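Remember, it's a predicted structure, so these values are computed and weren't measured experimentally. Letters A, B, ... mirror the listed sequences (proteins, then strands); counts begin at 1.
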Number of protein chains: 2
Amino acid sequence: MKNNKDLPVEEHSGPLMADVARLAGVAISTVSRALANPGRVNEKTRAKIDAAAKQLGYTPNAMARGLRVGKSNVVMIVLPGSLYYGVSQVIPQVLQGINRSLSQNGYHLMIANLDRDEISERHILDLAFGGTVRGAIILSSDLPVDGGRSLKDSALPIVSLLFDMSHAALPSVVTNDRQSVRDATSELIALGHRRFLYLAGPVGNYHDNERYLGVLEALAEAGLSETAVIRSGGTLDYQHGFQIGVAAAAEFADLTQKPTAVIATSDDMAISFMSCVQRMGWKIPADLSIVSFDGAPVCEYSSPPLSTIEQPVEEMGQLAVSLLMERIDAPERGAATRHVISSKLIRRESFGPARPSI
Amino acid sequence: MKNNKDLPVEEHSGPLMADVARLAGVAISTVSRALANPGRVNEKTRAKIDAAAKQLGYTPNAMARGLRVGKSNVVMIVLPGSLYYGVSQVIPQVLQGINRSLSQNGYHLMIANLDRDEISERHILDLAFGGTVRGAIILSSDLPVDGGRSLKDSALPIVSLLFDMSHAALPSVVTNDRQSVRDATSELIALGHRRFLYLAGPVGNYHDNERYLGVLEALAEAGLSETAVIRSGGTLDYQHGFQIGVAAAAEFADLTQKPTAVIATSDDMAISFMSCVQRMGWKIPADLSIVSFDGAPVCEYSSPPLSTIEQPVEEMGQLAVSLLMERIDAPERGAATRHVISSKLIRRESFGPARPSI
DNA sequence: CAGTTTTTGGCAATCGTTTGCTAAACCTCT
DNA sequence: AGAGGTTTAGCAAACGATTGCCAAAAACTG
């Protein structure tokens with residue numbers, strides 16, 4: 001094993017556990033036990049070993065360990081297409097929170113982008129089935145499939161974030177999209193608004209569904225008809241939020257009976273919508289109230305400052321991680337619970353009482 | 001090897017290469033060669049093997065392969081603290097571009113957050129020295145150190161992105177911060193501006209240095225004194241861009257001799273500054289011209305639309321990846337080249353001729 | 001059909017660590 | 001000093017793939 005015959009160099013990599021053992025004057029198995037198990041080795045020798053390891057700058061080979069014990073310390077996050085883009089900052093904040101929590105648990109974060117193409121799906125499945133990752137957090141309503149393999153029937157612990165996938169047996173961490181939009185809408189109704197414009201995400205999308213239902217519920221509760229709200233958009237993905245807002249502004253300009261309040265499902269849409277509509281001469285909030293979703297920091301600095309429903313993404317990310325840790329530690333496959341963390345409306349100047357008449 | 005004595009179950013993981021070999025009726029070494037080497041095996045048997053692999057849903061174990069061949073297919077990106085936050089979207093776009101390029105090269109992306117604390121530095125070094133990652137792209141001007149280990153003297157191929165670290169023997173991909181700011185400043189001078197306010201990033205920061213130098217160079221070229229520019233900020237990190245802008249607005253209000261043009265080193269600062277200053281009654285661009293840096297999409301929708309120097313971050317990310325691939329393939333340790341990709345000023349309504357007099 | 005080339009099959013070593021085992025070494029306490 | 005209990009050494013077998021080697025088999029060639 002250590003008879004490196006007559007090969008003088010071993011440039012390939014750093015010091016091995018055998019080197020540490022030799023320097024510390026102990027057996028290799030003792031080193032292994034000292035570094036991994038807490039109590040199985042005497043304190044004095046452990047100190048000796050630690051010193052030797054530090055002196056050599058020894059770092060255990062993660063792949064060798066992973067291969068042996070059959071597990072890795074990597075978690076992957078599956079992100080839909082380019083959900084980056086724009087301003088909403090939801091994804092970066094999520095990454096931030098998740099990465100921090102994972103670090104504290106001794107895990108690393110790997111990014112897997114779920115584009116529509118076959119190759120990215122295969123990559124994700126390779127990670128999942130190739131033993132590279134120990135668990136996954138997904139931000140998408142459909143799991144990748146390739147050939148005979150599917151994330152769904154992998155033994156990998158998975159937690160869904162932002163999307164409610166508890167029906168698919170995945171523990172899910174979501175915000176109360178519907179309720180928070182419903183509350184916001186009710187508030188607008190209380191301010192006298194009776195006609196609404198809803199800026200939609202892609203039709204069929206979980207968030208768009210929920211938020212729109214929130215609007216409808218508020219209307220119903222107030223005894224208003226569903227015709228009180230006009231849907232705009234629905235074809236583009238959230239990543240094209242700005243375009244959606246621009247298009248919606250044009251649509252708004254053409255309406256004969258103008259709504260007095262706008263509910264946007266992302267800050268991007270709201271920002272570009274507001275900008276366009278102001279350029280056309282409408283006053284916010286005098287002519288038109290606007291409320292949007294996400295809670296991007298920039299909303300505070302638009303003119304007027306934009307009211308938005310803030311998602312506690314960092315907190316959600318942390319919860320997702322701790323759920324994942326539970327699943328990893330105790331792989332009992334029951335109880336796909338749904339955890340809701342409430343968003344809250346940040347009230348700013350972009351909305352106010354409805355204009356008396358239109 | 002395959003005499004699993006009398007253990008009935010092997011739930012641990014999916015099918016092995018041995019299973020594929022058995023199903024395809026070939027030897028295990030043939031399977032290995034078929035899946036890795038392109039030409040070493042007959043086309044017919046390779047097809048048989050592929051079919052068997054697909055039927056079983058076989059995925060090679062990445063850690064076993066990695067251990068054997070001594071390399072992984074993971075690249076890590078080292079991000080400074082929480083550079084996320086805000087609106088500038090530089091980081092998310094960088095991640096996007098890098099991840100896409102890496103995927104095309106068969107690599108995966110791992111995120112390593114370089115917070116100030118010791119634990120995160122250790123994590124990064126564990127990744128580097130533990131054989132987990134094959135290369136690194138860093139977005140920071142200082143490399144992590146822990147105990148006797150330092151990224152600097154690891155054999156890991158590293159490429160620096162956004163920061164010029166060619167002096168530290170790292171190939172670097174940067175934009176022409178200085179030149180682009182200089183050009184923008186010159187343009188403002190040509191419009192009659194003679195007094196400037198510069199919204200600074202943290203003092204000592206590479207980008208802040210470069211961009212400020214750009215301003216100074218433009219002033220010098222026009223025969224103006226350095227006193228023509230007032231620096232504001234310099235204490236907070238870029239992640240607190242909004243706060244910097246707010247503080248700068250207050251500072252601006254107190255100035256007895258007002259500048260007529262503002263040069264901000266990030267979009268965040270510019271946005272919050274503009275918002276505050278407008279609220280105080282100043283008109284943009286009539287009273288004050290503003291130009292900022294980054295090229296966040298949202299700038300198009302502020303009021304007035306914000307002029308900004310757009311960094312081609314996606315392109316820079318791609319270049320960084322291809323440089324890294326070169327380093328990986330040919331680990332000759334020479335030529336730490338510096339690659340510059342030009343940013344360009346996007347002219348919008350936030351700047352114009354200087355107000356006749358102040 | 002013999003001779004040559006291409007393709008496979010087996011075998012075995014290897015990557016660096018973990019872990020079960022037995023026996024030896026050490027320590028503590030009467 | 002010997003009993004009883006901890007620790008450690010040393011050995012060896014994993015983990016799942018890659019790879020060099022040689023012989024066997026198959027496929028071509030003339």
Nearest to the side chain of Leu16(B) - dT19(D), dG16(D), dG16(C)?
dG16(D)
Asp50(B) side chain near Arg46(B) side chain, heavy-atom distance below 4.5 Å:
yes
Provide, to the nearest angstrom, the distance between the NZ atom belonging to Lys48(B) and the P atom belonging to dA26(D).
11 Å
Looking at side-chain heavy atoms only, is the closest gap between Phe129(A) and Asn61(B) below 4.5 Å?
no
Output the rounded distance in Å from CZ (Arg65(B)) to C1' (dG16(C)).
18 Å
Expressed as a whole number of angstroms, how long is the span from Lys44(B):NZ to dA27(D):C1'?
10 Å
Side-chain N or O of Tyr58(B) versus OP1/OP2 of dG16(D): is the shortest distance under 4.0 Å?
no
Out of dT17(C), dG10(D), dG16(C), minimum distance to the side chain of Ala27(A) belongs to dG10(D)
Starting at CZ of Arg33(B) and ending at P of dG9(C), how long is that distance when rounded to a whole Å?
9 Å
Spacing of Ile49(A) atom CD1 relative to dT7(D) atom C1', expressed in whole Å:
11 Å
Take Leu67(B) and Val26(B), find for each the nucleotide of DNA chain C with the closest heavy atom, and name the residue whose nucleotide sits nearer the 5' end.
Val26(B)
Among Ile138(B), Ile77(B), Val173(B), Val313(B), which one satisfies side chain to side chain contact (heavy atoms under 4.5 Å, CB included) with Leu161(B)?
Val173(B)
Whole angstrom value for the distance that separates P of dT17(C) from CG of Asp126(B)
13 Å
Checking all strands, does Gly25(A) fall into the base, sugar-phosphate, or nothing category for heavy-atom contacts under 4.0 angstrom?
sugar-phosphate
Atom-to-atom span, CG of Asp19(A) to C1' of dT17(C) - whole angstrom:
13 Å
Please pick, from dC21(C), dG9(C), dT17(C), the nucleotide with the shortest atom-to-atom distance to any side-chain atom of Ile28(A).
dT17(C)
Within a strict 4.5 Å, meaning less than it, do heavy atoms of the Ser120(A) and Asp117(A) side chains meet?
yes
Want to settle it: does Val69(B) or Val31(B) sit nearer the 5' end of DNA chain C, counting the closest nucleotide to each?
Val31(B)
Check: dG9(C) base within 3.5 Å donor-acceptor of Thr30(B) side chain
no
Mind running salt bridge (Lys or Arg N to Asp or Glu O under 4.0 Å) on Asp126(B) and Arg149(B) for me, showing each step along the way?
CA-CA 9 Å; Asp126(B) 284 348; Arg149(B) 307 175 303 171; 3.0 Å; yes
Value in whole Å for how far the P atom of dT8(C) lies from CZ of Arg46(B)
10 Å
Under 4.0 Å: is that the gap between some side-chain N or O of Ser29(A) and OP1 or OP2 of dT8(D)?
no
